[in-house]
Engineer: 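One structure coming up, written as structure tokens, with questions to follow.
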There are 2 protein chains.
Amino acid sequence: MNIKDAADRSGLPPKTIRYYEDIGLIRPARGDNGYRSFSAADLHKLTFLGRARALGFSIEDCRTLLALWEDKDRASGDVKRIAREHLSEVEAKIAALETMRGTLAHLVDACAGDDRPDCPILADLAPRPERRL
Amino acid sequence: MNIKDAADRSGLPPKTIRYYEDIGLIRPARGDNGYRSFSAADLHKLTFLGRARALGFSIEDCRTLLALWEDKDRASGDVKRIAREHLSEVEAKIAALETMRGTLAHLVDACAGDDRPDCPILADLAPRPERRL
DNA sequence: CTTGACCTTCCAGTGACTGGAGACCCCATA
DNA sequence: TATGGGGTCTCCAGTCACTGGAAGGTCAAG
């Protein structure tokens, strides 16, 4: 199977698949013409990678998860640790974004948004004299 | 004021301040020795930038907001539009992360995390035969 | 005069791709 | 056989917002 079919079936763009080969996540065979030839196993890996990336795992996490996935003797504790750490990162990001959202929503709400120059958003971003020093 | 003091007072690292000058967000004066010399106005801009970045505005958004901030005849509608667009991006990111969190929490919960190789996390990431094609 | 903290510029790397150039290959139709 | 269109290859560069580090200049204290 050529790269375009692999892309269509895995849901990953061809460029990304080439990149994954570049960084050693997959090793598709090559035909006589130099074209990559994707096996069913390659396709499974790509799909695995697509799902893991969609869950926000980093490439290095994916590399580890892929190795664990292929290791029949793995301990599930290893996988759980990675997932749990990733979960707390996701939760931290959510918390940070919630704070942003709160402030932004407040500012957008307070701003008239008309042709007048008064703008609570800029006023809030600006350093106020009594705050400095 | 030298860059370190400006950094301490604005809360931005010196490297970041130099970078902001590089991309034209600020233009501090220079002393005879070539050192950057930060005025109160420069400091205000840096603080403004720090706050806007902390709210997740992109550098290009910051450039625009900074210009609007300095333009006394600006219309607050311009600012509100930028903030509202940014707010929806933040909300979209939160939604995506919430979905991730849900899936990850479920997976972490389902995984025994012991020495046995059974792992629902990997099983879920793996493409299942009945799902393929 | 030396030490150490500070400053300068410039180059390179981060993560995870993405875009584009230039060249090669394959197949179908005229 | 020529040609056209689509697929593929590699390699280089750019994205975003910094960050690290090297090599060298400057300054104030002791």
Side-chain angles (χ1 to χ4, degrees), chain A residues 1-39 42 45-46 48-66 82 85-86 89-90 93 96-97 100, chain B residues 1-39 42 45-46 48-66 82 85-86 89-90 93 96-97 100:
Chain A
M1 185 188 313
N2 282 352
I3 199 167
K4 183 140 197 305
D5 286 331
D8 290 344
R9 296 201 193 205
S10 66
L12 298 170
K15 276 274 187 188
T16 299
I17 295 176
R18 289 195 193 98
Y19 171 69
Y20 285 173
E21 183 186 12
D22 238 38
I23 62 174
L25 285 179
I26 51 166
R27 288 182 203 284
R30 296 287 181 137
D32 292 343
N33 54 10
Y35 286 18
R36 288 168 185 83
S37 174
F38 293 84
S39 68
D42 292 324
K45 284 197 197 180
L46 288 174
F48 182 100
L49 288 169
R51 296 216 183 119
R53 291 287 301 130
L55 283 173
F57 285 101
S58 73
I59 289 288
E60 285 319 299
D61 277 350
C62 287
R63 197 188 298 279
T64 308
L65 290 172
L66 203 51
I82 294 173
E85 283 172 10
H86 179 46
E89 282 165 24
V90 167
K93 266 186 206 160
L97 286 170
M100 277 186 208
Chain B
M1 185 187 313
N2 282 351
I3 199 168
K4 182 136 195 307
D5 286 331
D8 290 344
R9 297 200 192 206
S10 67
L12 297 171
K15 276 276 189 190
T16 299
I17 296 177
R18 289 194 195 98
Y19 171 68
Y20 285 173
E21 183 185 11
D22 239 39
I23 62 175
L25 285 179
I26 50 166
R27 286 181 204 285
R30 294 290 181 134
D32 291 342
N33 53 10
Y35 287 17
R36 288 169 185 83
S37 174
F38 293 85
S39 67
D42 292 326
K45 284 197 197 178
L46 288 174
F48 182 100
L49 288 168
R51 298 217 181 117
R53 291 287 302 131
L55 283 173
F57 285 101
S58 74
I59 288 288
E60 286 318 301
D61 278 350
C62 287
R63 197 188 297 279
T64 308
L65 290 173
L66 203 50
I82 294 172
E85 282 172 11
H86 179 47
E89 282 165 25
V90 167
K93 266 185 206 158
L97 286 170
M100 278 186 205

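Just so we're on the same page: letters track the sequence lines, and every chain starts at 1.
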Engineer: Distance check needed: D:dC9 C1' versus A:Y19 OH, whole Å only.
Structural biologist: 19 Å
Engineer: If you look at every heavy atom in A:Y20 and A:L12, which pair is closest and at what distance?
Structural biologist: CE1-CD1, 3.9 Å
Engineer: Between B:I59 and A:K15, which residue's closest nucleotide on DNA chain D lies nearer the 5′ terminus?
Structural biologist: A:K15
Engineer: For A:R18, which contact category applies under a 4.0 Å heavy-atom criterion: base, sugar-phosphate, or nothing?
Structural biologist: base
Engineer: On DNA chain C, nearest-nucleotide positions of A:Y20 versus A:D32: which is more 5'?
Structural biologist: A:Y20
Engineer: Calculate the interatomic distance between A:N33 atom CG and D:dG7 atom C1'; express it in whole Å.
Structural biologist: 11 Å
Engineer: Find the distance A:D22:CG to D:dC9:P and express it as a whole number of Å.
Structural biologist: 12 Å
Engineer: Without decimals, in angstroms, what is the distance between B:E60 CD and D:dG14 P?
Structural biologist: 17 Å
Engineer: Round to a whole Å and report the spacing from CG of A:N2 to P of C:dC24.
Structural biologist: 19 Å
Engineer: Contact class for B:I23 vs. all strands (heavy atom < 4.0 Å): base, sugar-phosphate, or nothing?
Structural biologist: nothing
Engineer: Give me the atom names and distance for the closest heavy-atom approach of A:F57 to A:I82.
Structural biologist: CE2-CG2, 3.9 Å
Engineer: Once you apply a heavy-atom cut-off of 4.0 Å, does B:P14 come out as touching a base, just sugar-phosphate, or nothing?
Structural biologist: nothing
Engineer: Is A:S58 close enough to C:dG15 that one of its side-chain N or O atoms is under 4.0 Å from OP1 or OP2 there?
Structural biologist: no
Engineer: Rounded off to whole Å, could you give me the CD-to-P distance for the A:E21 and D:dC9 pair?
Structural biologist: 8 Å
Engineer: Quick one: is A:R36 getting a side-chain N or O under 4.0 Å of the D:dT8 phosphate, OP1 or OP2?
Structural biologist: no
Engineer: What's the spacing between B:K4 NZ and B:Y35 OH if we round to 0.5 Å?
Structural biologist: 13.5 Å
Engineer: Please state how far atom OH in A:Y35 lies from atom C1' in C:dA23, giving the value in whole angstrom units.
Structural biologist: 11 Å
Engineer: Would you say the side-chain atoms of A:S39 and A:D42 include a donor-acceptor pair closer than 3.5 Å?
Structural biologist: yes
Engineer: Closest approach to the side chain of A:T16, judged atom by atom: which nucleotide of D:dT19, C:dT18, D:dT8 is it?
Structural biologist: C:dT18
Engineer: Which heavy-atom pair separates B:H86 from B:L55 by the least distance, and what is that distance?
Structural biologist: NE2-O, 2.7 Å
Engineer: With a 4.0 Å cut-off on heavy atoms, is B:K4 in touch with a base, just the backbone sugar-phosphate, or nothing at all?
Structural biologist: sugar-phosphate
Engineer: At less than 4.0 Å, is any side-chain N or O atom of B:R53 found next to OP1 or OP2 of D:dC16? Yes or no.
Structural biologist: no
Engineer: Measure the distance from CZ on B:F38 to C1' on C:dC7 and round it to the nearest whole Å.
Structural biologist: 11 Å
